[in-house]
Amino acid sequence: MVLGIFVLGMQLGMASALETLCGQAFGAKRYHMLGIYMQRSWIVLVLCCFLLLPFYVFATPLLKLIGQPDDVAEASGLVACWLIPLHFSFAFQFPLHRFLQSQLKNIVIAWVSLVGLLVNVLTSWLFVYVLDFGLVGAAIALDISWWVLVFGLYGYTAFGGCPLTWHGFSIEAFSGLWEFLKLSAASGVMLCLENWYYRILILMTGFLQNATIAVDALSICMTINGWESMIPLAFFASTGVRVANELGAGNGKAAQFSTIVSVIQSSVIGIFFCTLIMILHDKYAYLFTSTTEVLEAVDKLSVLLAAAILLNSVQPVLSGVAVGSGWQAWFAYINLGCYYVVGLPLGLLMGLVFDLGVLGIWGGMIFGGTAIQTVILAIITARCDWEKEAEKASIRVNKWSSPKPQDEEEDQ
């Protein structure tokens with residue numbers, strides 16, 4: 001799981017560069033460039049797959065090196081090797097997802113994802129229970145279902161679903177790869193720094209006294225937070241696409257209005273769930289456990305869970321603005337400073353030094369990292385000159401685009 005999160009976070013982040021480029025190109029009606037951008041992303045992400053491949057091949061010795069038991073390390077290493085096809089599917093599926101999302105074809109992604117889910121359920125049952133392949137069977141089921149997503153999305157794209165934006169494979173995809181790689185890397189770092197931050201939270205909790213109860217309680221809270229975060233993550237995606245579309249079309253004010261609407265809507269939903277958690281502070285953990293010690297620990301963490309939900313209703317939307325505007329590079333620096341220079345040390349200090357346990361670790365990381373980051377992003381977004389950003393988007397589109405085909409000239 002740790003290996004998968006590391007690799008998935010990096011590739012998902014790198015693919016998010018397409019949200020900027022495809023979104024702005026679509027807004028500027030440079031439709032033919034969306035297919036070119038996607039092919040460039042495929043090239044960059046496949047190269048990234050080969051660079052990250054040693055983490056799969058040498059998973060067993062790496063896990064032993066960091067102190068994992070031999071049996072766990074060997075089982076994980078075996079599964080990691082069987083997950084290599086899944087690893088390479090990321091390089092194709094994520095760009096396809098962003099390519100279609102930038103054209104507002106979300107319903108297609110939803111239907112293909114449903115098919116992938118059903119295939120995963122069927123193959124998991126077949127390989128794990130019927131054929132008794134165990135962990136290897138679960139890995140094979142994942143491989144199959146993710147490649148179903150790839151072929152499903154590509155089939156829709158290539159066989160008539162995107163006549164304006166997909167004109168087949170082009171040698172032009174191999175031009176401008178260095179600039180594309182830099183933007184992709186900045187996007188990957190931006191997302192990974194945030195993704196890894198919360199994984200470190202659980203890792204740090206494992207060093208506490210009575211760690212089993214602490215990890216159980218925190219895992220319940222993180223699961224609830226993960227369920228609710230699907231809503232602000234949807235706003236993250238929609239805001240990024242809408243802002244990119246409007247900036248690409250030269251509508252700075254419309255991009256600003258989209259940002260305001262998204263922040264307000266997501267915040268209202270966040271306030272609702274925050275209030276719900278506070279009302280049900282001593283009851284919602286019964287969904288997962290009946291152990292008294294864990295229930296009491298979750299109850300103590302409810303205030304922090306409510307605060308996390310509230311902050312996460314705003315922060316992803318502002319991150320979506322960053323992606324749509326092409327601010328990934330310096331937003332990565334903000335994430336690095338807030339999360340790892342302030343939040344992580346504060347969490348360690350409060351949790352381990354001042355002996356506040358999981359309450360101190362999570363509280364320090366929320367208020368030292370997430371809260372400060374959200375405030376900084378809000379200030380930057382509020383002070384943004386949107387007409388200037390629209391000009392920058394126009395320059396970016398012209399810089400990264402080849403001349404328009406005749407049919408697009410006529411369309412405009």
Side-chain angles (χ1 to χ4, degrees), residues 9 12-27 37 41 94-95 97-106 109 183-184 186-195 197-198 225-226 228-249 251-270 308-335 338-339 370-371 373-384 386 389-390 392-393 396:
L12 184 62
M14 292 183 72
S16 72
L18 283 183
E19 291 184 53
T20 304
L21 297 173
C22 284
Q24 293 185 359
F26 189 78
Y37 291 150
S41 187
F94 292 152
H97 188 283
R98 299 299 184 271
F99 168 80
L100 293 169
Q101 186 175 278
S102 297
Q103 303 170 62
L104 311 181
K105 296 181 180 291
N106 296 312
I109 300 170
L183 181 60
S184 295
S187 301
V189 171
M190 172 186 165
L191 190 64
C192 280
L193 288 174
E194 185 172 337
N195 199 0
Y197 186 65
Y198 296 103
N225 189 47
E228 194 278 335
S229 70
M230 293 299 103
I231 299 171
L233 283 177
F235 278 96
F236 164 85
S238 60
T239 304
V241 170
R242 178 59 66 192
V243 167
N245 288 166
E246 297 295 356
L247 290 178
N251 301 325
K253 293 296 183 183
Q256 181 184 30
F257 180 73
S258 299
T259 300
I260 294 170
V261 170
S262 294
V263 169
I264 292 173
Q265 287 182 326
S266 186
S267 297
V268 169
I269 295 171
I309 287 174
L310 188 59
L311 288 171
N312 288 335
S313 67
V314 178
Q315 185 269 342
V317 178
L318 299 179
S319 294
V321 175
V323 170
S325 304
W327 300 341
Q328 290 97 323
W330 50 276
F331 262 52
Y333 288 110
I334 293 173
N335 286 354
C338 293
Y339 288 144
T370 309
Q373 183 217 33
T374 302
V375 170
I376 292 174
L377 298 186
I379 293 172
I380 291 172
T381 304
R383 293 171 59 87
C384 176
W386 290 101
E389 291 301 321
K392 289 180 182 178
R396 182 182 292 112

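Positions are given from 1 along the sequence.
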| said: Can you give me the closest heavy-atom contact between G23 and N245, atom names plus distance? | reply: O-ND2, 2.7 Å
| How close do R242 and S258 get, heavy atom to heavy atom, and via which atoms? | CG-OG, 3.1 Å
| Is there a donor-acceptor pair under 3.5 Å between the side chain of S266 and the backbone N or O of S262? | no
| task | Would you indicate whether the side-chain heavy atoms of Q265 and F235 approach each other to under 4.5 Å? | result | yes
| said: Keeping N312 on the side-chain end and S229 on the backbone end, is there a donor-acceptor pair under 3.5 Å? | reply: no
| message | In the structure I gave you, are the side-chain heavy atoms of L318 and I380 within less than 4.5 Å of one another anywhere? | response | no
| Considering only heavy atoms from C-beta outward, does the side chain of W386 approach that of T259 to under 4.5 Å? | yes
| Would you find a donor on one side and an acceptor on the other, under 3.5 Å apart, between the side chain of S313 and the backbone of L310? | yes
| Distance-only side-chain donor-acceptor flag, S319 / Q315, under 3.5 Å | yes
| said: Using every non-hydrogen atom in the two residues, find where E389 and C384 come nearest and quote the distance to one decimal. | reply: CG-SG, 3.4 Å
| Do you know the tightest heavy-atom contact between S102 and E19? | OG-CA, 4.3 Å
| query | Under the 3.5 angstrom rule, does the side chain of T239 hit a backbone N or O of F236 as a donor-acceptor pair? | reply | no
| Would you call R98 and C22 a side-chain contact if the rule is heavy atoms closer than 4.5 Å? | no
| Do I109 and K105 touch side chain to side chain, with heavy atoms closer than 4.5 Å? | no
| message | Can you see whether N335 engages Q373 through a side-chain donor-acceptor pair at a distance of less than 3.5 angstrom? | response | yes
| query | For the residue pair P95 and S41, what are the closest heavy atoms and their distance? | reply | CG-OG, 3.4 Å
| query | Within a strict 4.5 Å, meaning less than it, do heavy atoms of the Q256 and V243 side chains meet? | reply | no
| said: So which atom in S267 and which in V314 form the shortest heavy-atom distance, rounded to 0.1 Å? | reply: OG-CG2, 3.4 Å
| query | If only atom types and distance count, is the side chain of T20 paired as donor or acceptor with the main-chain N or O of V323 below 3.5 Å? | reply | yes
| query | How about W327 and V321: do any of their side-chain heavy atoms sit closer than 4.5 Å? | reply | yes
